[in-house]
Amino acid sequence: MERGVLLLALAWALAATLSGAAKSPYQQVLQHSRLRGRQHGMISYECCPGYEKVPGEKGCPAALPLSNIYDTLGIVGASTTQLYSESSNLRPEIEGPGSFTIFAPNNEAWLALPAEMLDSLVSNVNIELLNALRYHMVNRRVLTDDLKHGTSLPSMYQNIDIQIHHYPNGIVTVNCARLLKADHHATNGVVHLIDKVIATTTNTIQQIVETNENLETLRAAVAASGLNNLLENDGQFTLLAPTNEAFEKIPQKTLNRILGDPEALKDLLNHHILKSAMCAEAIIAGLSMETLEGTMLEVGCTGDDLTLNGRPIIAERDVLAINGVVHFVNELLIPDSAKTLFELGQESDVSTSIDLFRQADLSSHLTGNERVTLLAPVNTVFKDGTPSINRNTKSLLLDHILKEQLSSKYLYHGQKLETLGDKELRVFVYRNNLCIENVCIAAHDRRGRFGTLFTVDKMLTPPVGTVMDVLKADQRFSTLVAAIQSAGLMETLNRPGTFTVFAPTNEAFRAMPQGELNKLMGNAKELATVLKYHIGDEILVSGAVGALVRLKSLQGDKIEISAKNNVVNVNKEPIAETDIMATNGVIYAVNTVLQPPAFRPQERGDEPADPALEIFKQASALSKVSQRSARLAPVYSRLLARMKQ
């Protein structure tokens with residue numbers, strides 16, 4: 001029979017052993033068997049220790065008589081532990097009367113020991129080896145039901161504790177050795193098979209940091225931050241301990257800044273401490289763990305390598321302490337809260353924006369201790385090139401820096417924000433977006449030491465005047481300005497408000513039939529009605545436009561705005577330019593004069609534009625049918641008569 005164990009089968013067998021739930025008779029039979037895999041996908045069963053097959057029966061239903069612990073070691077696959085028990089003179093004790101628990105390393109665990117460690121044990125069997133084995137024992141029967149997370153069991157070697165961790169994924173560890181086979185009963189106790197030889201631990205995490213020469217820089221950082229007491233006190237933590245090499249990889253200027261800033265240093269170190277003890281055996285791919293700093297780390301594995309945030313940077317694992325476990329890491333994990341805005345931006349998808357600030361000599365605002373918020377456009381905004389750096393560009397970039405360190409979750413509709421360029425920006429909260437003037441936030445905030453990074457979808461265009469000011473300053477709208485004056489709407493568009501104006505360009509007016517244009521311009525009332533239909537009663541920037549938005553106009557009817565394939569449309573007509581910001585609204589340039597529903601009755605569905613035409617349509621639809629149906633002929637005749645009236 002093949003001896004290769006299917007991982008799935010082992011997990012099932014262990015879960016069945018640890019579970020106290022009621023089982024069906026068939027499950028009770030099967031729980032004494034382990035699935036074994038053969039080639040070509042065939043599956044057979046091998047009996048668990050202490051049970052045997054019965055001809056004609058399923059599984060391994062026959063229980064064998066119990067043996068003492070010494071004999072049970074050989075049965076469960078711990079023959080090396082059994083051999084060392086005899087050579088160390090432990091055998092008489094585990095064969096004799098009593099009630100013991102032994103966490104027995106399997107044969108592979110002994111082979112995995114460093115040669116010098118194994119030599120020191122077997123060269124002094126009556127002391128070193130005996131003490132090592134007795135550290136694997138507890139002087140009472142301990143079943144898996146008693147192996148609770150965070151439990152400490154006094155061993156039979158100087159009562160030094162053995163640390164038990166029982167993780168939510170079902171994995172149980174003993175001093176970070178994985179429990180492989182549990183609850184193998186013996187006449188004088190119980191045997192649990194584990195995958196490592198465990199060593200005594202009497203040091204705290206702080207003592208490990210203080211005594212390991214590879215952690216000298218960390219030791220100084222911990223002392224400077226005042227975290228000594230935390231790492232010395234009771235608890236169950238995981239320290240991802242950066243080695244000296246990890247600190248050396250950081251630019252000296254960055255390292256000096258963090259080490260000289262108590263708050264940043266504390267955040268840095270807390271980012272390396274997990275809130276619970278995590279042995280390597282319990283780490284599975286995709287596991288998220290919360291740090292003391294309050295952030296999440298993605299802890300996982302790739303093959304035999306443990307990973308942090310997808311990177312295999314754990315150099316040494318499972319250095320056990322009485323208050324947790326230490327894993328050595330060869331890269332420093334710097335949290336956002338210890339970074340400058342410049343550092344946050346450089347490593348993200350707004351790096352092009354950050355370089356623009358550098359070129360404009362504005363880096364000091366992103367690296368100092370000034371409390372600010374940066375509106376940084378994503379790199380794709382500059383796919384066609386970056387603007388040249390001049391006085392106007394520098395002024396515009398200053399308006400991308402807000403004077404406070406903000407959090408987007410506290411922004412509210414209508415809020416006013418001040419920039420370093422002394423401009424006032426408005427906040428717009430929509431159903432599907434959060435925007436500041438024409439830019440909308442495209443990613444979660446990244447909060448640095450002194451500044452917050454808002455990733456935005458475009459370059460900011462701060463408002464520079466009222467709607468009328470903007471229209472007058474743009475020659476494309478000269479005809480519209482004249483029309484607004486004729487319709488008496490100048491005062492409306494100059495006063496404070498929240499308007500969205502779909503502004504027809506000169507081209508839009510030229511596209512109208514001359515007679516229709518003359519008629520419109522000569523009738524102030526009709527002109528005012530048409531122009532009011534171009535003005536929405538609230539501000540709607542393009543980033544808030546989804547599949548369809550209906551905006552009420554000052555004329556009373558609703559305007560339909562939609563977006564598809566990065567093109568914004570109004571009443572199904574493409575918009576030539578979006579988001580021309582004004583202090584009292586936003587302007588969209590359109591190359592069509594929009595017609596209110598009352599001016600395009602042929603598109604209304606509530607009544608026909610011309611009753612006679614509608615009758616004709618009905619008559620045409622029925623004419624051919626009526627010629628073939630005597631019953632419909634009178635109806636057709638009446639319709640024709642109505643047309644002649």
Side-chain angles (χ1 to χ4, degrees), residues 465-495 497 499-537 540 542 545 550-564 567-580 582 584-617 620 643:
T466 66
V467 168
M468 278 311 305
D469 292 334
V470 174
L471 293 177
K472 287 179 179 179
D474 194 327
Q475 288 302 310
R476 292 178 297 171
F477 303 118
S478 58
T479 305
L480 175 62
V481 170
I484 290 172
Q485 290 173 331
S486 298
L489 293 177
M490 282 193 65
E491 183 180 350
T492 298
L493 296 180
N494 264 323
R495 70 168 185 249
F499 305 114
T500 296
V501 179
F502 298 94
T505 61
N506 297 340
E507 178 185 340
F509 286 103
R510 286 196 297 268
M512 292 180 65
Q514 191 62 45
E516 186 177 328
L517 177 61
N518 293 339
K519 179 183 177 183
L520 178 63
M521 292 299 191
N523 187 331
K525 183 177 180 181
E526 183 176 316
L527 179 61
T529 300
V530 171
L531 291 180
K532 285 181 180 179
Y533 182 66
H534 288 73
I535 306 171
D537 62 358
L540 180 72
S542 63
V545 178
R550 302 188 76 211
L551 185 65
K552 187 178 179 181
S553 70
L554 297 187
Q555 175 264 346
D557 289 308
K558 290 189 175 181
I559 315 163
E560 293 187 350
I561 308 99
S562 60
K564 186 176 182 181
V567 176
V568 182
N569 299 285
V570 55
N571 289 356
K572 300 181 181 180
E573 296 290 340
I575 291 174
E577 184 180 349
T578 63
D579 298 332
I580 306 169
N584 59 344
V586 59
I587 299 168
Y588 292 83
V590 294
N591 290 327
T592 303
V593 177
L594 306 178
Q595 297 294 323
F599 286 66
R600 42 187 170 92
Q602 68 276 11
E603 295 185 12
R604 295 181 60 172
D606 52 351
E607 60 177 336
D610 184 341
L613 179 61
E614 186 64 22
I615 292 170
F616 177 76
K617 289 180 179 179
S620 298
M643 290 177 63

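All values below were derived from every heavy atom in this structure, side-chain atoms included, with hydrogens, water molecules and symmetry-related copies excluded. None of these values were measured; they are calculated from a predicted model.
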[X] and [Y]: which non-hydrogen atoms are nearest, and at how many Å?
| X | Y | value |
| --- | --- | --- |
| A503 | F477 | O-CE2, 3.5 Å |
| L520 | L527 | O-CB, 3.6 Å |
| N506 | L480 | OD1-N, 4.4 Å |

Item to check | Counterpart residues, side chain to side chain donor-acceptor pair (under 3.5 Å), relative to D537 (two or more places apart) | outcome: none
Item to check | side chain to side chain donor-acceptor pair (under 3.5 Å) partners for T529, two or more places apart | outcome: none
Please round to the nearest 0.5 Å and tell me the distance separating atom [atom1] of [X] and atom [atom2] of [Y].
| X | Y | atom1 | atom2 | value |
| --- | --- | --- | --- | --- |
| L493 | I535 | CG | CD1 | 4.5 Å |
| I561 | F502 | CD1 | CZ | 4.0 Å |
| T592 | I575 | OG1 | CD1 | 10.0 Å |
| I559 | L551 | CD1 | CG | 5.0 Å |

Item to check | Partner residues of E560 under the salt bridge (Lys or Arg N to Asp or Glu O under 4.0 Å) criterion, sequence neighbours left out | outcome: R550
Checklist entry - Residues two or more places apart in sequence or in another chain: which of them pass salt bridge (Lys or Arg N to Asp or Glu O under 4.0 Å) with E577? => result R476
Item to check | side-chain contact (heavy atoms from CB on, under 4.5 Å) partners for S542, two or more places apart | outcome: K458, V568, T578, D579, Y588
Checklist outcome for this item: Residue pairs meeting salt bridge (Lys or Arg N to Asp or Glu O under 4.0 Å), one or both in residues 501-515, sequence neighbours left out, come to none
Checklist entry - Counting distance only, does the side-chain N/O of N584 pair as donor-acceptor with the main-chain N or O of V467 below 3.5 Å? => result yes
Checklist entry - Counting distance only, does the side-chain N/O of H534 pair as donor-acceptor with the main-chain N or O of L594 below 3.5 Å? => result yes
Checklist entry - Do D557 and Q555 pass the side-chain hydrogen bond (donor to acceptor under 3.5 Å, both in side chains) test, and can you show the C-alpha distance, the side-chain angles, and the key distance before you say yes or no? => result CA-CA 6 Å; D557 289 308; Q555 175 264 346; 2.8 Å; yes
Next on the checklist: Determine whether V586 and L540 satisfy the following criterion, side-chain contact (heavy atoms from CB on, under 4.5 Å), listing intermediate values before the conclusion.
Outcome noted: CA-CA 7 Å; V586 59; L540 180 72; 5.6 Å; no
Next on the checklist: Just checking E516: does its CD atom have more than 12 heavy atoms from other residues, nucleotides or ligands closer to it than 6.0 angstrom?
Outcome noted: yes
